[in-house]
Amino acid sequence: MKIERLQTLVTCPGRNFVTVKITTDQGVHGLGDATLNGRELAVVAYLEEHVFPCLVGKDPRNIEDIWQYLYRGAYWRRGPVTMTAIAAIDMALWDILGKLAGMPVWRLLGGKSRAGVMVYGHANGRDHAEAVEAVQQHLEQGYKAIRVQSGVPGMDKVYGVGKTRGFYEPAQKGLPPEEDWDTALYLRHTPELFRKVREAVGPDVHLLHDAHHRLTPIEAAQLCKSLEPWRLFWVEDATPAENQEAFRLIRQHSTTPLAVGEIFNSIWDCKDLIQNQLVDYIRSTIVHAGGITHLRRIADFAALHQVRTGFHGATDLSPVTMAAAVNFGLWVPNFGIQELMPHNALTDEVFPHAYRFEDGHLVMDEVPGLGVDIDETLAAKYPYERAYLPVARLRDGTLWNW
Ligand code: KDG
Ligand code: MG
């Protein structure tokens with residue numbers, strides 16, 4: 001059996017997605033997500049110029065060898081563009097293997113460890129009252145875990161909060177918009193937000209929060225300590241993690257569980273964090289960290305250190321990644337939680353999929369492969385549109401972490 005054809009399919013049904021389609025000489029095809037928010041076409045070029053020509057004629061069932069070939073064989077290792085490209089190929093190969101075996105990928109990985117994967121939704125509001133209301137709406141929809149973000153008085157825009165109520169999509173058409181940031185205001189208002197939410201919804205619901213890399217280690221420690229009375233499920237990206245040691249300072253001051261990793265692209269980005277038990281949840285995602293093959297390695301390593309999974313699942317990860325994440329989450333023994341930011345209806349139409357939301361969980365029936373497809377005719381109606389994530393600046397103009 002041979003790989004005969006490899007294609008990238010770029011579509012923008014509301015936001016940009018890059019999909020890899022691999023077809024074998026026997027006509028079986030597999031899909032992989034290759035979307036890297038704001039850098040989409042760099043991954044397309046990497047794939048089309050440097051990866052696809054090397055894979056024609058290879059046996060698609062040799063997933064591990066192809067992974068090593070693309071990782072070690074390139075000589076240049078890691079990096080988001082490379083690892084997203086490798087991830088897309090890897091997902092497509094697992095999809096093909098599942099279809100050949102007539103089994104879902106969760107079965108190939110080792111079978112189900114649970115009936116469904118618990119997800120967390122996004123509640124956000126322009127102020128605390130709106131945020132509390134959004135949490136209550138999520139509870140009515142069946143969510144057991146809810147991330148809460150709120151506007152901060154004195155700041156125009158805050159990560160996670162849209163201009164209108166409800167849905168929040170950070171990437172915007174055109175060039176990167178600029179937002180301002182004031183750490184002192186944020187640190188003052190966030191514990192108050194969680195006091196109000198916890199008092200409104202009671203002890204049972206899991207509450208999460210994303211600090212989105214904005215804080216220094218000692219500020220992150222202050223935030224996590226101040227949130228302890230409200231018993232969060234986690235604080236995410238409390239401080240940037242390029243220096244993995246930075247998390248030690250947070251740990252020394254707080255017992256609030258920590259999650260990190262949505263921008264990691266390899267096991268080397270989290271080795272020290274995991275080995276030293278400086279975090280509790282690893283958020284690396286299948287699309288940006290080398291696919292199922294590499295995430296399995298990260299998850300197994302994490303399991304040795306009581307670190308659980310909590311994969312990224314924002315709208316810039318296509319339904320192909322979400323399908324892969326559900327397959328992975330059904331199997332992985334050290335599953336923690338899965339982020340779910342639902343796609344718009346048009347995206348779900350372009351990518352018909354087998355996973356569905358039921359009572360706070362994503363579930364999936366016994367379908368071969370990843371359980372996701374692409375309607376190529378519909379996808380072609382929505383061509384790529386340049387879009388970027390915002391950048392953040394402190395009040396004095398200093399460029400900050402968005
Ligand atoms: O592309 C960046 C977004 O996916 C990211 O900002 C969303 O932080 C995010 C999250 O936790 O979903
Ligand atoms: Mg995040």
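Atoms within a ligand are numbered from 1 in the order they appear, just like the ligands themselves.
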Engineer: What pairs of donor and acceptor atoms, side-chain ones from residues 367-381 against any protein atom, are under 3.5 angstrom apart with sequence neighbours left out?
Structural biologist:
{"unit_1": "Asp373", "atom_1": "OD1", "unit_2": "His29", "atom_2": "NE2", "d": "3.2"}
{"unit_1": "Asp375", "atom_1": "OD1", "unit_2": "Thr377", "atom_2": "N", "d": "3.3"}
{"unit_1": "Asp375", "atom_1": "OD1", "unit_2": "Leu378", "atom_2": "N", "d": "3.0"}
{"unit_1": "Glu376", "atom_1": "OE2", "unit_2": "Lys21", "atom_2": "NZ", "d": "2.6"}

Engineer: Counting only nitrogen or oxygen atoms and a 3.5 angstrom limit, does Arg283 reach ligand 1?
Structural biologist: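 Checking ligand 1 against Arg283, an N or O pair does fall under 3.5 Å apart.
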Engineer: State which residues pass side chain to side chain contact (heavy atoms under 4.5 Å, CB included) with Ala42; sequence neighbours excluded, sorted by chain then number.
Structural biologist: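 Here the qualifying residues are Val81.
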Engineer: Examine the proximity of ligand 1 to Leu389 and report which part, side chain or backbone, both or neither, has a heavy atom under 4.0 Å away.
Structural biologist: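 Only the side chain of Leu389 comes within reach of ligand 1.
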Engineer: Among protein heavy atoms, which sits nearest to atom 6 (O) of ligand 1, and what does the distance come to when rounded to 0.1 Å?
Structural biologist: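 Result: His212 NE2, 2.8 Å.
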Engineer: Who gets closest to atom 3 (C) of ligand 1 by heavy atom: Leu36, Asp316, Asp210?
Structural biologist: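 Closest candidate by heavy-atom distance is Asp316.
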Engineer: Between His209 and Tyr186, how do the two ring planes meet: parallel, tilted or perpendicular, split at 30° and 60°?
Structural biologist: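 Parallel: the ring planes of His209 and Tyr186 meet at under 30°.
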Engineer: Determine all donor-acceptor pairs shorter than 3.5 Å in which one atom belongs to a side chain in residues 52-62; sequence neighbours excluded.
Structural biologist:
{"unit_1": "Asp59", "atom_1": "OD1", "unit_2": "Arg61", "atom_2": "N", "d": "2.9"}
{"unit_1": "Asp59", "atom_1": "OD1", "unit_2": "Arg61", "atom_2": "NE", "d": "3.0"}
{"unit_1": "Asp59", "atom_1": "OD2", "unit_2": "Arg61", "atom_2": "NE", "d": "3.4"}
{"unit_1": "Asp59", "atom_1": "OD2", "unit_2": "Arg61", "atom_2": "NH2", "d": "2.9"}

Engineer: Evaluate Asn37 for polar contact with ligand 1, using N/O atom pairs at a separation under 3.5 Å.
Structural biologist: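 Yes; the residue has a nitrogen or oxygen that sits under 3.5 Å from a nitrogen or oxygen of the ligand.
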Engineer: If you measure only the distance, is there a donor-acceptor pair under 3.5 Å linking the side chains of Thr8 and Glu48?
Structural biologist: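 Judged by distance alone, the side chains do pair up.
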Engineer: Nearest protein heavy-atom contact for atom 5 (C) of ligand 1: which residue, which atom, what distance?
Structural biologist: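 Residue, atom and distance for the closest contact: Glu262 OE2, 3.5 Å.
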Engineer: Start with the C-alpha distance between Gln149 and His212, add both sets of side-chain angles, then the distance that settles side-chain contact (heavy atoms from CB on, under 4.5 Å), and finish with yes or no.
Structural biologist: CA-CA 11 Å; Gln149 310 288 136; His212 220 256; over 6 Å; no
Engineer: Do the ring planes of His312 and His288 sit parallel (below 30°), tilted (30 to 60°) or perpendicular (above 60°)?
Structural biologist: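 Rings of His312 and His288: tilted, 30 to 60°.
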Engineer: Would you kindly check if the NZ (Lys) or CZ (Arg) of Arg214 is within the cone defined by 45 degrees around the ring axis of Trp181 and under 6.0 Å from the six-membered ring centre?
Structural biologist: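 So Arg214 does make the cation-pi contact.
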Engineer: Using 2.8 Å as the cut-off, count the protein N, O or S atoms closer than that to the Mg ion (ligand 2).
Structural biologist: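 Protein heteroatoms (N, O, S) closer than 2.8 Å to the Mg ion (ligand 2) number 3.
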Engineer: For Glu236 and ligand 1, answer yes if some heavy atom of the residue is under 4.0 Å from a ligand atom, otherwise no.
Structural biologist: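 A heavy atom of Glu236 does come that close to ligand 1.
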Engineer: Show the atoms of ligand 1 that are less than 4.0 angstrom away from any heavy atom in Ala314.
Structural biologist: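 Taking each heavy atom of Ala314 in turn, ligand 1 has 4 (O), 7 (C), 12 (O) under 4.0 Å.
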Engineer: Under a 4.0 angstrom heavy-atom cut-off, which atoms of ligand 1 come close to Arg147?
Structural biologist: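 Here the atoms of ligand 1 in question are 10 (C), 11 (O), 12 (O).
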Engineer: Does ligand 1 have a heavy atom under 4.0 Å from the side chain of Glu339, from its backbone, from both, or from neither?
Structural biologist: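 It is the side chain that touches ligand 1; the backbone stays farther off.
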Engineer: Please list the nearest protein heavy atom to atom 7 (C) of ligand 1 with its residue and the distance rounded to 0.1 Å.
Structural biologist: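 Of every protein heavy atom, Tyr159 OH, 3.3 Å lies nearest to atom 7 (C) of ligand 1.
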Engineer: On a heavy-atom basis, which atom in Gly162 and which in Arg126 lie closest, and how many Å separate them?
Structural biologist: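 Heavy-atom minimum between the residues: O-CG, 3.9 Å.
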Engineer: Quick check against the 3.5 Å criterion: does Glu40 have a side-chain atom that pairs as donor or acceptor with the backbone of Gly38?
Structural biologist: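 The answer is yes, because a donor-acceptor pair under 3.5 Å joins these two groups.
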Engineer: If I apply the N/O under 3.5 Å rule, does Trp402 come out as touching ligand 1?
Structural biologist: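 Trp402 vs ligand 1: no N/O contact under 3.5 Å.
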Engineer: Using a strict 4.0 Å threshold on nitrogen-to-oxygen distance, state whether Arg248 and Asp272 make a salt bridge.
Structural biologist: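 Salt bridge: no.
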Engineer: Is the distance between the ring centroids of His361 and Phe357 less than 6.0 Å?
Structural biologist: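 No, ring centres 6.0 Å or more apart.
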